[in-house]
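Quick notes on the structure that follows.
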Amino acid sequence: MTDLPRITRRAGLLGAAALLAAPAISYGQSDALRIGHLTPRTGFLGPLGEFAVQAAQLAADEVNAAGGIQGRKLEMLFEDSVNPQTASAKAERYIQRDKVACIVGEINSASALAIGQVVQRERALFINTGANSDALRGSDCRRMMFHIEGQNSMYVKAVGRALVQQGLIKGKRAYALTADYAFGHDLLHVAKRFIAQNEGTVGNEDLIPTDLTDFSPFLLKLRQARPDVVVANLAGAQITNFLKQYTEYGLRFPVAGFGFDTALAWGAGSGNFLGTWPTMWHHRLENAAAKKFTADFRGRFGRPPENQAWGDYNAVKIIAQSMNEVKSVDAVQVMQHLEKGAKFNVLKDRESYFRASDHQIMTEMYAITALPPAQQKDRFDIFTSSPGIPGSEEPLEAIASTPEEASCTFPS
């Protein structure tokens, strides 16, 4: 692992770090500790961004109720990241003007890469909560960037286990619909690798523009191709629109998703969710911490949290816990603490940690399968879930990328 370069003008910066680490006397002083939150709040990823914002604020309120960070009140700053160029500019402003302690958020993989470049240059910390691309943990990794969101390899391997058990991979021909941007391209690459390794083939591929709302041309092609399984490598509102229109067309080919957010299934409406999909977390988990988070979020916002909310909530909690454990808000000290394998309760049955080699969180995932419409209790409880993947007898790294699949060498 390559160490970060030494800081010049050492004495001045050490003095500044000591000042930042000193606890405030009271919340009455204007000495709040700021976290900058960046995520799409408009466009095809906007519906997920709203869950992220709500969950991050809920976490901040809980941190403050428990005493804050090093005795200081936590203040969240929220911005719409919009696109990679805007995300980069706003990340710089957060660090240089607003003096944030770290940045949390993002969903778009290209925007996450742009933020990662900024924080590496500025020696700030970034917790990615929604960008999946394996490249962010491989060729584009940055030492000041961590990932509480799962990588594409984890999503594919988690749901892939279920699909193999269902007989939908070996000897089968898939039709892939893929979001036409960095995330989708990366996911298609990972999905094709998994399918080939398990003796299946991808017979047809279509790239779907991110602003597409009418899937009719692609659904007609699906009808003619008659695949054994439809593989959806889609994102954001694409998934909602696809599910609605697939049902309207009366197609009956099995559907599987290799990337997913439960809110997108809720948006499809009653009876339109189908198939098997992967998720980092869901609101039907029965452990005590998950049930409390679900109840608190639902009581405040009128709907259950979904997996994007899970990521942003836990990112804020992890930052607060880490700064309190190391008794410092210095980004490099927190980064080193996370690299050493600090454990965190992230509302699952097993504690999680960040893998030192690429800063990907090691945690359980789940494969969820749509319930028949008659068995759906309401618009939210529309699926059954596998137990945690990997199972309790396996290491958490069992579904993560191998060094051969995504190798990270942190740049200086």
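Of the residues Ile399, Leu396, Val159, the one that meets the side chain to side chain contact (heavy atoms under 4.5 Å, CB included) test with Ile389 is Ile399. Tested against Leu264, the residues Asn241, Leu243, Leu48, Leu234 include a single side chain to side chain contact (heavy atoms under 4.5 Å, CB included) partner, Leu48.
Donor-acceptor pairing under 3.5 Å is recorded for the side chains of Thr42 and Asp80. A donor atom on one side chain and an acceptor atom on the other are found under 3.5 Å apart for Thr369 and Thr276. Side-chain contact, Gln54 with Glu50: no donor N or O sits under 3.5 Å from an acceptor N or O. Counting only N and O atoms by type, the side chains of Thr363 and Tyr353 include no donor and acceptor under 3.5 Å apart. For the residue pair Thr178 and His185, no side-chain donor N or O sits within less than 3.5 Å of a side-chain acceptor on the partner. Looking at Tyr94 and Glu122, their side chains never bring a donor and an acceptor atom within 3.5 Å of each other. Counted by atom type alone, Ser328 and Asp330 present zero donor-acceptor pairs between their side chains at under 3.5 Å. Ser133 and Gln151 form no side-chain donor-acceptor contact under 3.5 Å, judged by distance and modelled atom types alone. Looking only at atom types and distance, the side chain of Glu306 has no donor-acceptor partner in the side chain of His282 under 3.5 Å away.
Taking the side chain as every heavy atom from C-beta outward, Ile69 and Asn324 approach each other to under 4.5 Å. In this structure the side chain of Val119 never reaches within 4.5 angstrom of the side chain of Leu125, judged on heavy atoms. Side-chain contact between Arg137 and Arg355 is absent, with no heavy atoms from C-beta onward closer than 4.5 Å. With contacts defined as side-chain heavy-atom distances shorter than 4.5 Å, the pair Lys90/Ser81 does not qualify. By the 4.5 Å heavy-atom criterion applied to side chains, Trp277 and Ile239 are counted as neighbours. Put simply, the side chain of Trp310 does not reach to within 4.5 Å of the side chain of Thr294, judged on heavy atoms. Contact of the Met335 side chain with the Met145 side chain is not registered, since no non-hydrogen atoms from C-beta on lie closer than 4.5 Å. Residues Asp312 and Thr129 are in side-chain contact: their nearest non-hydrogen atoms beyond the backbone lie under 4.5 Å apart.
Under the 6.0 Å cut-off for aromatic ring centres, His283 and Phe293 do not qualify, their centroids lying 6.0 Å or more apart. Here the two rings, on His147 and Phe354, have centers that are 6.0 Å apart or farther.
Under a 4.0 Å N-O distance rule, the pair Glu364/Lys348 does not qualify as a salt bridge. A salt bridge links Lys317 to Glu62: at least one charged side-chain nitrogen sits closer than 4.0 Å to a carboxylate oxygen. By the 4.0 Å N-to-carboxylate-O rule, Arg41 lies too far from Glu79 to be salt-bridged with it. For Asp296 and Arg300, the salt-bridge test fails: no basic side-chain N is under 4.0 Å from an acidic carboxylate O.
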**Item:** Steps toward salt bridge (charged side-chain N to carboxylate O under 4.0 Å, His left out) verdict (Glu405, Lys157)
**Value:** CA-CA 12 Å; Glu405 292 168 343; Lys157 291 177 183 180; 2.9 Å; yes
**Request:** Let me see the working for Gln70 and Leu33 under side chain to side chain contact (heavy atoms under 4.5 Å, CB included), right down to the final yes or no.
**Result:** CA-CA 9 Å; Gln70 289 291 286; Leu33 185 75; over 6 Å; no
**Request:** Could you please spell out the steps behind the side chain to side chain contact (heavy atoms under 4.5 Å, CB included) verdict for Val118 and Gln120?
**Result:** CA-CA 5 Å; Val118 171; Gln120 188 67 27; over 6 Å; no
**Message:** salt bridge (charged side-chain N to carboxylate O under 4.0 Å, His left out), that's the test. Do Glu75 and Arg34 meet it? Break it down for me.
**Reply:** CA-CA 5 Å; Glu75 178 186 353; Arg34 291 176 167 178; 3.4 Å; yes
**Prompt:** salt bridge (charged side-chain N to carboxylate O under 4.0 Å, His left out) between Lys192 and Glu205: does it pass, once the steps are laid out?
**Reply:** CA-CA 10 Å; Lys192 290 173 70 174; Glu205 303 173 28; 2.8 Å; yes
**Item:** Pair Leu274-Phe383, side chain to side chain contact (heavy atoms under 4.5 Å, CB included): steps then yes or no
**Value:** CA-CA 9 Å; Leu274 69 160; Phe383 55 82; over 6 Å; no
**Request:** Determine, step by step, whether Asp358 and Arg143 satisfy the salt bridge (charged side-chain N to carboxylate O under 4.0 Å, His left out) criterion, reporting the C-alpha distance in whole Å, the side-chain angles of both residues, the deciding distance to 0.1 Å, and the verdict.
**Result:** CA-CA 8 Å; Asp358 59 3; Arg143 196 171 179 197; over 6 Å; no
**Asked** Can Tyr155 and Glu149 be said to form a side chain to side chain donor-acceptor pair (under 3.5 Å), step by step?
**Response** CA-CA 10 Å; Tyr155 275 80; Glu149 170 62 287; 2.8 Å; yes
**Request:** Applying side chain to side chain contact (heavy atoms under 4.5 Å, CB included), run through Asn314 and Ile148 and close with a yes or a no.
**Result:** CA-CA 8 Å; Asn314 280 289; Ile148 195 168; 3.4 Å; yes
**Message:** Please determine whether side chain to side chain donor-acceptor pair (under 3.5 Å) holds for the pair Asp186 and Asn152, giving the CA-CA distance in whole Å, both sets of side-chain angles, and the decisive distance to 0.1 Å.
**Reply:** CA-CA 7 Å; Asp186 186 273; Asn152 281 335; 2.7 Å; yes
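Here the closest heavy-atom approach between residue Ala56 and residue His37 is recorded as CB-CD2, 3.7 Å. The two residues Gly259 and Leu187 have their closest heavy-atom pair at N-CD2, 3.9 Å. The two residues Ala290 and Leu347 have their closest heavy-atom pair at CB-O, 3.6 Å. Ala182 and Ser109 get closest at one heavy-atom pair: CB-CB, 4.4 Å.
Every ring pair (Phe, Tyr, Trp, His ring centres under 6.0 Å) that Phe380 has, sequence neighbours left out, goes to Trp266. Not counting sequence neighbours, the partners of Phe242 by the ring pair (Phe, Tyr, Trp, His ring centres under 6.0 Å) test are Phe215, Tyr246.
With hydrogens and angles disregarded, no donor-acceptor distance shorter than 3.5 Å links the side chain of Gln238 to the backbone of Leu212. Under a 3.5 Å cut-off, the side chain of Asn132 and the backbone N or O of Gly150 do form a donor-acceptor pair. Between the Gln321 side chain and the Ile318 main chain, no donor and acceptor come within less than 3.5 Å of each other. Counting only distance, with no hydrogens or angles, the side chain of Thr279 and the backbone of Trp281 share a donor-acceptor pair below 3.5 Å. When atom types are taken as modelled, the side chain of Glu106 and the backbone of Asn108 share a donor-acceptor pair closer than 3.5 angstrom. Listed for the Asp261 side chain is no donor-acceptor partner under 3.5 Å among the backbone atoms of Ala263. A side-chain donor-acceptor contact under 3.5 Å links Asn307 to the backbone of Thr262.
With rounding to the nearest 0.5 angstrom, the OG atom of Ser216 is 13.0 Å from the NZ atom of Lys221.
Sorted by first and then second residue, the pairs that involve residues 95-153 and meet disulfide (SG to SG under 2.5 Å), not counting sequence neighbours, are Cys141-Cys408.
Ring orientation note: the planes of His359 and Phe146 are close to parallel, at an angle under 30° on the 30°/60° scale. Ring-plane geometry between Tyr181 and Phe183 is classed as tilted, the angle between the planes lying from 30 to 60 degrees on a 0 to 90 degree scale.
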